Q: 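Take this structure first; my questions come after.
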Amino acid sequence: MRIVVDLTRCQAYAQCVFLAPRVFELHGEESLMYDPVVRDGQLDHVRRAAAACPVQAILVGEAVSVGAR
């Protein structure tokens with residue numbers, strides 16, 4: 001499973017970091033880093049993080065394009 005975060009939409013509320021810390025990491029106050037490939041055991045955490053994102057910046061799914069931004 002792959003994910004893409006629309007970093008132009010992301011406002012660094014960091015809900016994803018709290019819900020899926022093995023996938024999302026906040027560097028500094030506003031720089032989000034993430035692994036686009038969801039590892040085994042992390043999918044539920046990532047789905048919760050995507051649902052909790054106040055600006056809906058996280059896209060989850062097998063159809064997510066590698067080049068999407």
Side-chain angles (χ1 to χ4, degrees):
M1 187 72 62
R2 299 189 66 80
I3 60 172
V4 171
V5 177
D6 182 344
L7 296 175
T8 60
R9 184 181 285 191
C10 177
Q11 297 293 309
Y13 289 108
Q15 296 303 307
C16 58
V17 176
F18 296 116
L19 293 168
R22 292 185 179 168
V23 178
F24 302 98
E25 188 174 343
L26 199 58
H27 287 267
E29 293 181 19
E30 297 182 5
S31 180
L32 180 69
M33 308 235 358
Y34 67 97
D35 186 350
V37 178
V38 179
R39 307 285 177 217
D40 290 339
Q42 294 300 307
L43 186 55
D44 287 338
H45 296 285
V46 168
R47 284 190 173 139
R48 281 188 221 122
C53 180
V55 295
Q56 300 297 291
I58 304 169
L59 304 173
V60 181
E62 293 177 2
V64 170
S65 172
V66 175
R69 293 192 201 286

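Just so it is clear, the model here is predicted, and its values are computed rather than measured. Worth knowing before you read on, the calculation uses all heavy atoms, side chains too, and leaves out hydrogens, waters and symmetry mates.
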Q: Which pair of heavy atoms, one from Ile3 and one from Val38, lies closest together, and at what distance?
A: CG2-CG2, 3.6 Å
Q: For Glu25, which residues count as a side-chain hydrogen bond (donor to acceptor under 3.5 Å, both in side chains) partner, sequence neighbours excluded?
A: His27
Q: Which ILVMFWY residues are connected to Tyr13, directly or by a chain of links, through side-chain heavy atoms under 4.5 Å apart?
A: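 Members besides Tyr13, by chain and number: Val55.
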Q: Report the residues that fulfil side-chain contact (heavy atoms from CB on, under 4.5 Å) with Pro36, sequence neighbours left out, ordered by chain and then residue number.
A: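 For Pro36 the side-chain contact (heavy atoms from CB on, under 4.5 Å) partners, ignoring immediate neighbours, are Arg2, Tyr34.
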Q: Please determine whether side chain to side chain contact (heavy atoms under 4.5 Å, CB included) holds for the pair Val5 and Cys16, giving the CA-CA distance in whole Å, both sets of side-chain angles, and the decisive distance to 0.1 Å.
A: CA-CA 10 Å; Val5 177; Cys16 58; over 6 Å; no
Q: Compare every heavy atom of Val17 with every heavy atom of Leu26, then report the nearest pair and how far apart it is.
A: N-CG2, 3.9 Å
Q: Which atom pair, heavy atoms only, marks the closest approach of Cys10 to Ala57?
A: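 So the two residues come closest at N-CB, 3.9 Å.
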Q: Could you report the tightest heavy-atom contact between Ala50 and Gln56, atom names first, then the distance?
A: O-NE2, 3.6 Å
Q: To the nearest 0.5 Å, how far apart are CD in Gln15 and CD1 in Ile58?
A: 10.0 Å
Q: Once rounded to the nearest 0.5 Å, what's the spacing between atom CZ of Arg39 and atom CZ of Arg22?
A: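 Taking CZ in Arg39 and CZ in Arg22, the distance rounds to 12.5 Å.
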Q: Quick one: pull up CZ in Arg47 and CG in Leu19 and give me the separation to the nearest 0.5 Å.
A: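 Between Arg47 CZ and Leu19 CG, I get 14.5 Å after rounding to 0.5 Å.
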Q: Verify the cluster assignment for Val60 and Met33: are they in a single hydrophobic cluster under the rule of side-chain heavy atoms below 4.5 Å apart?
A: no
